Undergrad: 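Here you go, one structure.
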Amino acid sequence: MRTLLLLVATFVSCAHAGELTERWFFLSTNLRDDAAVARFKDLVNAAADHGYTGVCWSGAEAVARMGEPELARLAEVKRACAERKMEIVPLIFSVGYGGSALGFDPNLAVGHPVVGAPFVVKDGQANLKPDAAVAVRNAGFEDDAAKPAGWAFSDKLGELTMVDTAEKHSGRASFHFVAPAGTNNGHSRAMANIAVQPARRYRLSLWGKARGLKPAGTFRVQVYGGKDGPSLVGAELPGESYDWKRATVEVNSGPYDVLRLYVGSWGGQAGDFWLDDVAIEEVGLANVVRRDGCPLRVTSDDGQVVFEEGRDFEPVVDKGVLNFGARPNLPLVLAKGSRLAEGQSLRVSWYHAGQAASGQVSVCMSAPRLYDYYDQVAAALAKHLPSRQVLLSMDEIRQGGTDLADQQRGLTMGQILADCITRQQAILRRHLPGVTCHIWSDMLDPGHNGHGNYYQVKGDWAGAVDGVPKDLVIDCWWVDQCERSLKFFDDRGFRTLGAAYYDSADLEGSKRWLQALRATPRAIGIMYTTWQNKYALLAPFGDLARP
């Protein structure tokens, strides 16, 4: 009998493999006008004609703040989907890209600590007075040498990178990069090591110029921590050809006393670009996060006297928590009767919001108010868009673990992530009983993003997969590791879905996904996933995925 049961179980498992009953397409849009509704309906009709069963809608979370006109458009979209038997699957609850949650409360942003920054009192207020000089050596390439002093590295000096006295933003020279055109792995870069103070905030700026650069936007700046630490922040200079323009990035040095500044091209195929006038400065009180877990502390220079907010200085309220860039620092304004004296040196510690990658701001999973927001969204979905399935947008969480709200819990970042996901599902099921929660795979996959040494995260994401509900559906999305990732989750008993396509020129990667999914016993679906609203291959993709 036991052998018979095992044979039956094996047959059921094998029979399920390849039955991709969920066939979705991804759509990112709002419902602010009738044109958006028409586009939504056109895509739904085209998808239904080619075997799709649902649309994963990035925009559904906005239902919590929709007015009557948008709710009327939502009703029209729902009718159109119902007529074509197309399910709407809301994409909701992003932590890595704080988005709507930060609109609810900008102080939900992850706080990055500045510790003991030197301030001096003058004329009734205290402002930053840096205690250590910081600079990029040979920042304008003025040393008249073919190999620029102060720059530790450049790709193929004399061939792809070179000092140029004909083009410059100021002074006598700049640094000229030639796009590799298929050689050198597409790299044409220079790197400088910059000595900094740990746990301080810095603004790096530079001037760039480009001519015929392809692909557009491949002239980038990247900042890494320490001698071998992770990527902390980056930015690109958009466009193919432009005259001199300035780019800036702001970065918290975290535990590092050295930052590695990389400037150049990753993947450039044609064109020339130039770099000049690199600068760095320490940033004072700005983008201040005010909530439990992100305290503000002001002491005497020796740390022996702690000064009080509201008694010694006016309450610090930053109305531009998420306004980044070269904005003025906030002063500490002395209160009437303050114990602070003219000329006094202080040490100020605070937490600020910051950006990772190219403008990404994450929210703190340990902030209680975040779950108030989730509850509001879940209630609005239940009222206006009751759904059988949702996709938790829990990917690429590049900040966390740096403020006390996380640290005081005594949990690993993997445990904090698992707890957040568990609470998200519980909140949704309180309002939408029985809802099936999908989730992006990467933060739960140690072979993808679920590990340590990850951007600005203090801690390790490892182990999160062991603490999440086992009835989650894991939506895997990295084609280069699709077989390994699907097996990783299938071996742990999770159902899976493959997020394929990703704006490629053809469907070769999607065919690989289909082959891998059809060999995965617990796989239930596939999605046409476009971030660039490319739908030219929507129909042939659907035809491929049909049973």
Side-chain angles (χ1 to χ4, degrees), residues 20-31 36-37 39-41 43-45 47-48 51-67 70-95 97 99-101 104 370-395 420-441 468-475 477 494-499 524-530:
L20 304 181
T21 56
E22 306 292 343
R23 299 181 299 280
W24 306 343
F25 74 95
F26 188 91
L27 175 61
S28 178
T29 187
N30 56 53
L31 298 179
V37 173
R39 175 66 168 158
F40 200 130
K41 292 164 64 175
L43 286 169
V44 163
N45 285 325
Y52 289 84
T53 63
V55 50
C56 182
W57 179 30
S58 173
E61 192 168 316
V63 70
R65 58 181 186 277
M66 283 182 178
E70 287 176 297
L71 288 173
R73 296 184 193 107
L74 175 61
E76 184 178 351
V77 165
K78 287 166 60 180
R79 284 192 297 270
C81 289
E83 289 171 1
R84 298 307 308 269
K85 295 182 172 56
M86 288 282 288
E87 182 178 3
I88 298 176
V89 181
L91 177 74
I92 56 174
F93 294 178
S94 177
V95 162
Y97 298 85
S100 296
F104 173 76
L370 177 63
Y371 300 91
D372 296 338
Y373 169 71
Y374 289 157
D375 191 75
Q376 288 187 20
V377 172
L381 286 173
K383 182 177 180 180
H384 300 294
L385 188 60
S387 304
R388 184 177 67 94
Q389 302 181 88
V390 299
L391 172 53
L392 302 176
S393 189
M394 297 289 284
D395 62 321
C420 178
I421 294 166
T422 302
R423 293 174 69 180
Q424 288 175 335
Q425 178 169 281
I427 289 169
L428 285 162
R429 288 187 172 169
R430 188 161 62 245
H431 294 278
L432 296 164
V435 69
T436 295
C437 292
H438 292 243
I439 188 169
W440 294 125
S441 61
V468 299
K470 294 303 180 184
D471 57 351
L472 287 174
V473 181
I474 312 297
D475 292 5
W477 58 265
F494 291 99
R495 291 172 294 165
T496 53
L497 179 145
I524 65 168
I526 191 167
M527 178 163 60
Y528 180 92
T529 316
T530 172

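Predicted model, so just to flag it, every value in this text is computed and none were measured.
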Undergrad: Test your reading of the model: is there a side-chain donor-acceptor pair from Glu87 to the backbone of Thr53, 3.5 Å cut-off?
TA: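 Absent.
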Undergrad: If we only count heavy atoms from C-beta on, is the Met527 to Cys56 side-chain gap below 4.5 Å?
TA: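 The answer is yes, as the side chains (C-beta and beyond) meet within the 4.5 Å cut-off.
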Undergrad: How far does OH of Tyr52 sit from CZ of Arg23, to the nearest 0.5 angstrom?
TA: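 Going from the OH atom of Tyr52 to the CZ atom of Arg23 covers 10.0 Å.
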Undergrad: Tell me if a side-chain donor or acceptor on Arg495 pairs with a main-chain N or O of Asp471 at a distance below 3.5 Å.
TA: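 Here the side-chain-to-backbone pair exists.
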Undergrad: Verify, without hydrogens or angle tests, whether Ser94 (side chain) and Tyr97 (backbone) share a donor-acceptor contact under 3.5 angstrom.
TA: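 Present.
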Undergrad: Just by distance, do the side chain of Lys41 and the backbone of Glu76 share a donor-acceptor pair under 3.5 Å?
TA: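 Pair absent, no side-chain N/O of Lys41 close to backbone of Glu76.
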Undergrad: Measure the spacing between CD of Gln389 and CD1 of Ile524 and express it to the nearest 0.5 Å.
TA: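 The CD1 atom of Ile524 is 6.0 Å from CD of Gln389, to the nearest 0.5 Å.
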Undergrad: Test Phe25 against Met86 for side-chain contact (heavy atoms from CB on, under 4.5 Å), laying out the working first.
TA: CA-CA 10 Å; Phe25 74 95; Met86 288 282 288; 3.7 Å; yes
Undergrad: Hey, does Asp475 have a side-chain heavy atom less than 4.5 Å from the side chain of Trp24?
TA: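 Side chain of Trp24 against side chain of Asp475, heavy atoms only: contact under 4.5 Å found.
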Undergrad: Using a cut-off of 6.0 Å, state whether more than 12 heavy atoms not belonging to Lys85 lie near its atom NZ.
TA: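 Counting neighbours around NZ of Lys85, 12 or fewer heavy atoms of other residues, nucleotides or ligands fall under 6.0 Å, so no.
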Undergrad: Report the residues that fulfil side-chain contact (heavy atoms from CB on, under 4.5 Å) with Gln376, sequence neighbours left out, ordered by chain and then residue number.
TA: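 Once residues adjacent in sequence are excluded, the partners of Gln376 under the side-chain contact (heavy atoms from CB on, under 4.5 Å) criterion are Phe104.
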Undergrad: Atom CG of Leu472 and atom OG of Ser441: how far apart are they, to the nearest 0.5 Å?
TA: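 That separation rounds to 12.0 Å.
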Undergrad: Decide if atom NZ of Lys383 counts as having more than 12 heavy atoms of other residues, nucleotides or ligands within a radius under 6.0 Å.
TA: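 No - once you tally the heavy atoms of other residues, nucleotides and ligands closer than 6.0 Å, there are 12 at most.
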Undergrad: Nearest 0.5 Å please: distance from the CG atom of Asp375 over to the CD1 atom of Ile427.
TA: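 Reported to 0.5 Å precision, the distance equals 6.0 Å.
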Undergrad: What pair of heavy atoms forms the shortest contact from Ala60 to Leu381, and how long is it?
TA: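 Scanning both residues completely, I find the closest heavy atoms to be O-CD2, 4.0 Å.
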Undergrad: So does Thr29 get a backbone contact from the side chain of Trp57, meaning a donor-acceptor N/O pair under 3.5 Å?
TA: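 Pair found, side chain donor or acceptor close to backbone of Thr29.
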Undergrad: Would you say that Leu497 contacts Leu391 through its side chain, given a criterion of any heavy-atom pair below 4.5 Å between the two side chains?
TA: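 Leu497 does not reach Leu391 side chain to side chain.
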Undergrad: Looking only at non-hydrogen atoms, find the nearest pair between Ala36 and Asn30 and report the distance.
TA: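 Heavy atoms only, the tightest pair is CB-O, 3.3 Å.
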Undergrad: Would you mind reporting whether Phe93 and Val390 have side-chain heavy atoms less than 4.5 Å apart?
TA: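 SC-SC contact between Val390 and Phe93 ruled out.
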Undergrad: Does the side chain of Leu432 come within less than 4.5 Å of Pro386's, by heavy atoms?
TA: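 Yes, close enough: below the 4.5 Å cut-off.
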Undergrad: Does Arg423 qualify as a cation-pi partner of Tyr371, given the criterion of NZ or CZ under 6.0 Å from the six-membered ring centre and within 45 degrees of its axis?
TA: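 Verdict for Tyr371: a cation-pi partner in Arg423.
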Undergrad: Just do the side-chain contact (heavy atoms from CB on, under 4.5 Å) check on Glu22 and Val473 with the steps written out, would you?
TA: CA-CA 11 Å; Glu22 306 292 343; Val473 181; over 6 Å; no
